[in-house]
Amino acid sequence: MRLNKYIAHHSSYSRREADKAIQDGYVKVNGEVETNPATQVEEFGADVWISGKKVAPKDKYTVIVYNKAKGELVTKKDPKGRKTIYDTLEKKYRHYIPVGRLDFASEGVLLLTDASKVATALMESDLQRTYKIKIQGEITPDMEDAMLNGMTLEDATAGAHSHSKITSMTFKPFIGYQIQKNTPSYSILKVAISEGKNRELRRFFAHFGAEVVDLKRISFAEIELNNLPTGKSRFLTRSEYSALAKFLKEEKKAKDKADKE
């Protein structure tokens, strides 16, 4: 893991703040001053100190559910001064890592954790993500065919952020979808997918000429908002933690098996 990423994951420093602290000579790795943010360190073996304070991952982990509002960026700090989720969250969650992203115009369930291994496992999983979406125009047979069977686009730039470097994309078949309203002016549907790639749903519908005007994630696996108000957070329930622990145990078992093979 890169040193700047390690510090950002396990402290209240943003990636940019970590870069500056490293370059200014405030960081020691295994007793030696390190000024290169790209230096590789072992996440669970490195001895890292910043301004005299040890930075290390915790054995225990906490996960919170945040109901992200539209108009917030999922980043610790924005160079343009735009509002981020950390401006709304309590300061004690400053070092928490978001599990994936919801773009500026999207809202709903966002998980955050103080353990990078948990964040990585959830981000890389095929756990179900469920969204409620409003699009311009009607849902066509071609859209439904792509939702059922998936598709690959060499040019998936429609619906993407203007600065995105991702130009092509493969969309897996949706886990499921439910059309709640379908009219020539606008349509509403609920969809369940197993990935959370860069603006995936906006790119998917934009390919068919349909702009996504509202997008809300209403659940991540079994974790739902449970009437959580916009801009508020909550801890996982006991049953949600149990389900997460079971998932992490199964993931570790699968990884250990793959490593042996």
Side-chain angles (χ1 to χ4, degrees), residues 1-2 4-21 43 48 50-51 53-125 127 129-132 161 196-199 214-241 243-245 247-248:
M1 175 182 283
R2 287 168 59 103
N4 58 354
K5 184 177 180 181
Y6 176 93
I7 292 172
H9 275 189
H10 302 300
S11 74
S12 61
Y13 285 72
S14 69
R15 188 77 66 89
R16 292 185 183 87
E17 289 168 341
D19 284 342
K20 189 173 189 309
E43 185 170 12
V48 178
I50 182 166
S51 298
K53 294 182 179 180
K54 187 172 178 62
V55 180
K58 298 177 181 177
D59 291 331
K60 295 182 179 179
Y61 62 86
T62 303
V63 179
I64 63 170
V65 188
Y66 175 60
N67 189 354
K68 178 192 171 300
K70 290 182 182 180
E72 289 183 340
L73 292 171
V74 182
T75 185
K76 283 192 175 178
K77 204 168 186 178
D78 179 55
K80 297 180 180 179
R82 291 171 295 181
K83 188 176 183 180
T84 77
I85 59 171
Y86 295 97
D87 293 324
T88 305
L89 284 164
E90 295 178 62
K91 288 184 179 179
K92 63 183 178 181
Y93 300 129
R94 175 73 181 171
H95 64 293
Y96 277 44
I97 308 158
V99 177
R101 294 285 189 269
L102 282 175
D103 64 46
F104 184 78
S106 299
E107 59 184 323
V109 171
L110 180 68
L111 305 183
L112 295 101
T113 177
D114 57 357
S116 62
K117 63 180 179 180
V118 175
T120 300
L122 289 171
M123 277 188 277
E124 294 178 351
S125 75
L127 292 171
R129 288 89 154 152
T130 306
Y131 300 81
K132 187 170 183 178
H161 190 279
K197 294 186 290 190
N198 185 286
R199 295 174 71 96
D214 282 310
L215 189 153
K216 182 174 185 176
R217 184 155 62 198
I218 55 179
S219 67
F220 189 114
E222 300 173 5
I223 301 169
E224 301 180 353
L225 291 173
N226 292 347
N227 298 318
L228 185 68
T230 300
K232 298 295 182 182
S233 62
R234 68 169 177 85
F235 293 107
L236 296 193
T237 64
R238 184 174 297 179
S239 62
E240 288 169 341
Y241 264 124
L244 175 58
F247 161 75
L248 293 173

> Which residues satisfy the side-chain hydrogen bond (donor to acceptor under 3.5 Å, both in side chains) test with R217, sequence neighbours excluded?
Replying inline: Y131
> Are more than 12 heavy atoms from other residues, nucleotides or ligands located less than 6.0 Å from atom NZ of K197?
Replying inline: yes
>> Quick check for you: to the nearest 0.5 Å, what is the distance between H95 atom NE2 and D114 atom CG?
In response: 5.0 Å
> Can you name the side-chain hydrogen bond (donor to acceptor under 3.5 Å, both in side chains) partners of D87, sequence neighbours left out?
Replying inline: none
>> If I compare all heavy atoms of R129 with all of S125, which pair ends up nearest, and what's the gap?
In response: NH1-O, 3.1 Å
Which donor-acceptor pairs under 3.5 Å do the side chains of residues 63-72 make with protein atoms, sequence neighbours left out?
from: Y66; atom 1: OH; to: E72; atom 2: OE1; distance (Å): 2.8
from: Y66; atom 1: OH; to: E72; atom 2: OE2; distance (Å): 3.2
from: N67; atom 1: ND2; to: L228; atom 2: O; distance (Å): 2.8
from: K68; atom 1: NZ; to: E72; atom 2: O; distance (Å): 3.0
from: K68; atom 1: NZ; to: D103; atom 2: O; distance (Å): 3.1
from: K68; atom 1: NZ; to: S106; atom 2: O; distance (Å): 2.6
from: K70; atom 1: NZ; to: D214; atom 2: OD1; distance (Å): 2.3
from: E72; atom 1: OE2; to: T88; atom 2: OG1; distance (Å): 2.5

>> Could you work out, with salt bridge (Lys or Arg N to Asp or Glu O under 4.0 Å) as the rule, every residue matching K92, not counting sequence neighbours?
In response: E90
> Which residues satisfy the side-chain contact (heavy atoms from CB on, under 4.5 Å) test with K91, sequence neighbours excluded?
Replying inline: none
> By side-chain contact (heavy atoms from CB on, under 4.5 Å), which residues pair with R94, not counting sequence neighbours?
Replying inline: S12, S14, E17, K76, Y86
> For R16, which residues count as a side-chain hydrogen bond (donor to acceptor under 3.5 Å, both in side chains) partner, sequence neighbours excluded?
Replying inline: none
> Of all residues at least two apart in sequence or in a different chain, which pass the side-chain contact (heavy atoms from CB on, under 4.5 Å) check with R2?
Replying inline: N4, K5, A38, Q40
> Of all heavy-atom pairs between T113 and T62, which one has the smallest distance, and what is that distance?
Replying inline: OG1-O, 2.9 Å
>> Per the side chain to side chain donor-acceptor pair (under 3.5 Å) rule, what does the pair list look like for residues 218-233, sequence neighbours excluded?
In response: T130-S219
> If you measure from CE on M1 to NE2 on H10, what distance do you get to the nearest 0.5 Å?
Replying inline: 5.0 Å
>> As a quick check of understanding, evaluate side chain to side chain contact (heavy atoms under 4.5 Å, CB included) for Y61 and L248, giving each step before the final call.
In response: CA-CA 12 Å; Y61 62 86; L248 293 173; 3.5 Å; yes
>> side chain to side chain contact (heavy atoms under 4.5 Å, CB included), that's the test. Do L112 and L110 meet it? Break it down for me.
In response: CA-CA 7 Å; L112 295 101; L110 180 68; 4.2 Å; yes
>> If you compare all heavy atoms of P98 against all heavy atoms of R101, which two are closest, and at what distance to 0.1 Å?
In response: CG-NH1, 3.2 Å
>> Return the CZ to CG distance between F220 and L111, rounded to the nearest 0.5 Å.
In response: 5.5 Å
>> Minimum heavy-atom separation for S11 and V55, please, with both atom names.
In response: CB-CG1, 4.3 Å
> When rounded to the nearest 0.5 angstrom, what distance separates CD1 in I97 from CE in M123?
Replying inline: 7.0 Å
> What's the shortest heavy-atom distance between I7 and A18, and which atoms?
Replying inline: CG2-CB, 3.8 Å
>> Students often mix this up, so state it plainly: with edges at 30° and 60°, are the rings of Y93 and F235 parallel, tilted or perpendicular?
In response: perpendicular
> Does K54 have any side-chain hydrogen bond (donor to acceptor under 3.5 Å, both in side chains) partners at least two apart in sequence or in another chain, and if so, which?
Replying inline: D47
> What residues, two or more places apart in sequence or in another chain, satisfy salt bridge (Lys or Arg N to Asp or Glu O under 4.0 Å) together with E107?
Replying inline: none
> Taking only residues two or more places apart in sequence or in another chain, which ones pass salt bridge (Lys or Arg N to Asp or Glu O under 4.0 Å) with R15?
Replying inline: none
> Can you tell me how far CG of L244 sits from CG of L236, rounded to the nearest 0.5 angstrom?
Replying inline: 6.5 Å
>> To check you understand the geometry: which heavy-atom pair defines the closest contact between Y13 and S51, and what is its length?
In response: OH-OG, 4.2 Å
